[in-house]
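One structure is given here, and the rest of the page talks about it.
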Amino acid sequence: MSFRSVAIIGLGLLGGSTGLAVQKFLPDVQTTGWDANPETRARATERGLVHTVHDSAEDAVRDADLVILCVPVGAMGAAAAAIAPALRADVVVSDVGSSKQFVAKALAEALPGVAVIPAHPVAGTERSGPDAGFATLFQKRWCIITPPADADPAQVAALSQFWEALGAKVELMDAQHHDLVLAVTSHLPHLIAYTIVGTADDLEGVTQSEVIKYSAGGFRDFTRIAASDPTMWRDVFLSNKDAVLEMLQRFTEDLTALQRSIRVGDGQALFDQFSRTRAIRRSIIEEGQDDARPDFGRSDHAGS
Ligand SMILES: NC(=O)c1ccc[n+]([C@@H]2O[C@H](COP(=O)([O-])OP(=O)(O)OC[C@H]3O[C@@H](n4cnc5c(N)ncnc54)[C@H](O)[C@@H]3O)[C@@H](O)[C@H]2O)c1
Ligand SMILES: O=C(O)C(=O)C[C@]1(C(=O)O)C=C[C@@H](O)C=C1
């Protein structure tokens, strides 16, 4: 089986990118969409993020055989409830949320009897809103699908093929494992970036202008991450609380060990740790997993 009509609920960075990518890489597939924000719906129409932007969630999903919820994790339950009355009997409902156990539970509760197969394309930028999306966002990026135990294998295969057609590499994973892995590789780095930029701003003598003036290097990378959408990330941390707190505990212990090495002057320990992490970065680049996003999707491009 393959999908012929895809409805996208939430037309921000992820929803807009999905709509544009389907039009570019699956030109025979019909796309519809809806967003709770009327201004976003108007802008999505102007940019052609999907073929048809509808005025109601129900109208957007009525003919769809695949619905993808692209709203903040905390809004998944409400978005699912809004589409529930109009879904086709054979529909597959999926999502792009950054945490998976919470979303799986919210969707299962709001959509009893519906085939729900959660997913997470691990691709994004610090931008949000209907101007932020671009068709190549998913190229060579992972898309992790977390099917429930009773999922139909044919539907899982169809969803995998859908994301592969948009350029992604697909991996199937247990939702709990997903949340633990992403807590380390995505959620914790964002928490650290939010913290360091706030700390620098708070420190006496480090004025806003100095932060900008001397932020050409590493700190500038942190400011990019720390510019990420506040609603999205509030929801990520609240929805993946246990895994994030567990990883934060580990991180704090490791930070304390480095702190001690500095205090006691253990240069060898510092050198060994920095050599280890440099090798990790190099292996990521050799595997072709470096940041392949075009500038279009990043700092010079519009979006909030
Ligand atoms: N930004 C990233 O880097 C990234 C990457 C992968 C996955 N995600 C996940 O994708 C989802 C969307 O994130 P985004 O970056 O596209 O955010 P975004 O802010 O760009 O877009 C979200 C859109 O959802 C709309 N919305 C909110 N509540 C709604 C509701 N109840 N019904 C309909 N529309 C609603 C908003 O108006 C907004 O336009 C989140 O769950 C996030 O965790 C984000
Ligand atoms: O590159 C970025 O700006 C991102 O934050 C993208 C990123 C990530 O942490 O890798 C952020 C959240 C997602 O759920 C997936 C991807």
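As the structure lists them, so they are numbered: ligands from 1, and atoms in each ligand from 1.
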query: Among side-chain atoms of His178 and Thr146, is any donor-acceptor pair under 3.5 angstrom?
result: no
Can an N or O of Met76 be found at a distance shorter than 3.5 Å from an N or O of ligand 1?
-> no
| message | Has Lys100 got a side-chain atom pairing as donor or acceptor with Ala119's backbone, closer than 3.5 angstrom? | response | yes
TODO: May I ask you to decide if Ala227's main-chain N or O and Tyr194's side chain share a donor-acceptor pair within less than 3.5 Å?
DONE: no
Asp272 bridged to Arg276 by N-O distance under 4.0 Å = no
Within 4.0 Å of some non-hydrogen atom of Gly124, the atoms of ligand 1 are 2 (C), 3 (O)
To atom 35 (C) of ligand 1, the nearest of Thr231, Val73, Val71, Thr18 on a heavy-atom basis is Val71
Considering distance alone, does some N or O of Ser98 sit under 3.5 Å from an N or O of ligand 1?
yes
- prompt: So, Asp221 and Arg224, do they make that salt bridge, N to O below 4.0 Å?
  reply: no
The answer for which part of Met232 has a heavy atom under 4.0 Å from ligand 2 is side chain
Is it true that Arg224 lies under 4.0 Å from ligand 2, counting heavy atoms only?
-> yes
Quick note on ligand 1: atoms under 4.0 Å from a heavy atom of Thr40 include exactly 39 (O)
the protein heavy atom lying closest to atom 12 (C) of ligand 1 turns out to be Cys70 O, 3.4 Å
Worksheet item: Is a donor on one side and an acceptor on the other found under 3.5 Å between the side chain of Gln23 and the backbone of Gly19?
Response: yes
Side-chain heavy atoms under 4.5 angstrom apart, residues restricted to Ile, Leu, Val, Met, Phe, Trp, Tyr: same cluster for Phe162 and Ile8?
yes
The answer for which part of Glu126 has a heavy atom under 4.0 Å from ligand 1 is neither
Is atom 21 (O) of ligand 1 touching the protein, meaning some protein heavy atom lies under 4.0 Å away? yes
His120 heavy atoms within 4.0 Å reach ligand 2 at atoms 13 (C), 14 (O), 15 (C)
Is the shortest N/O to N/O distance between Gly129 and ligand 1 below 3.5 Å?
yes
Atoms of ligand 2 under 4.0 Å from any heavy atom of Thr125, numbered from 1 in the order shown, are 2 (C), 3 (O)
Checking heavy-atom distances from atom 7 (C) of ligand 1 to each of Asp229, Ile225, Leu13, Val96, the winner is Val96
For Pro121, the atoms of ligand 1 under 4.0 Å from one of its heavy atoms are 6 (C)
Nearest heavy atom to atom 16 (O) of ligand 1, choosing from Leu14, Ile9, Ile83, belongs to Leu14
In terms of its nearest heavy atom to atom 24 (O) of ligand 1, the top option of Gly97, Cys143, Ala119, Pro72 is Pro72
Margin query: Could you see if Val6 belongs to whatever hydrophobic cluster contains Val156? Use Ile, Leu, Val, Met, Phe, Trp, Tyr and a side-chain cutoff under 4.5 Å.
Written below: yes
| message | Checking the side chain of Asp65 only, and the main-chain atoms of Ser5 only, is there a donor and an acceptor separated by less than 3.5 Å? | response | yes
Hey, does Ala123 sit under 4.0 Å from ligand 2 if you only count heavy atoms?
yes
| field | Carboxylate-amine/guanidinium contact Arg250 Glu246, below 4.0 Å | value | no
closest protein heavy atom to atom 28 (N) of ligand 1 is Ala75 CB, 3.6 Å
- Query: Just by modelled atom types, is the Ala243 backbone N or O under 3.5 Å from a matching donor or acceptor in the Asp179 side chain?
  - Reply: no
Filtering His190, Glu126, Arg127 for the heavy atom nearest atom 5 (O) of ligand 2 leaves His190
A student comparing Gly74, Gly12, Gly77, Ser128 should find that the heavy atom closest to atom 19 (O) of ligand 1 comes from Ser128
ask   = Does the Ser56 side chain pair with the main chain of Asp59, one donor and one acceptor, at a distance under 3.5 Å?
value = yes
Would you tell me whether Asp266 and Ser261 have side-chain atoms, one donor and one acceptor, within less than 3.5 Å of each other? no
Check whether any heavy atom of Trp142 sits under 4.0 Å from an atom of ligand 2. no
re atom 13 (O) of ligand 1, the protein heavy-atom contact at minimum distance is Met232 SD, 4.3 Å
Short version for Pro189: what comes under 4.0 Å of ligand 2, heavy atoms counted, is neither
Q) Can you tell me if Ser186 uses its side chain to pair, donor with acceptor, with the backbone of Leu182 under 3.5 Å? A) no
Per-atom filter on ligand 1: closer than 4.0 angstrom to a heavy atom of Asn37 are 37 (O)
- prompt: Do the side chains of Leu14 and Val170 join up, straight or via other hydrophobic residues, at under 4.5 Å, putting them in one cluster?
  reply: yes
Counting from 1 in the order shown, the ligand 2 atoms closer than 4.0 Å to a non-hydrogen atom of Trp233 are 11 (C), 12 (C)
inquiry  = Between ligand 1 and Asp35, is the shortest N or O to N or O distance under 3.5 Å?
reply    = yes
Please determine if Asp63 and Arg88 form a salt bridge, counting it only when a charged side-chain N lies under 4.0 Å from a carboxylate O. no
One finds that the ligand 1 atoms under 4.0 Å from a non-hydrogen atom of Thr125 are 1 (N), 3 (O)
Under 4.0 Å from one or more heavy atoms of Ser186, ligand 2 contributes atoms 8 (C), 9 (O), 11 (C), 12 (C)
> Should the pair His190 and Trp233 be assigned to parallel (<30°), tilted (30 to 60°) or perpendicular (>60°) ring geometry?
Replying inline: parallel
Exercise for review: Kindly confirm or rule out an N or O of Ala36 lying under 3.5 angstrom from an N or O of ligand 1.
Suggested key: yes
The closest protein heavy-atom partner of atom 32 (N) of ligand 1 is Trp34 CZ3, 3.6 Å
Any heavy atom of Ala123 under 4.0 Å from ligand 1? The part involved is backbone
### Query
So Glu39 and Arg43, salt bridge (charged side-chain N to carboxylate O under 4.0 Å, His left out) or not? Walk me through it.
CA-CA 6 Å; Glu39 288 171 17; Arg43 187 66 189 127; over 6 Å; no
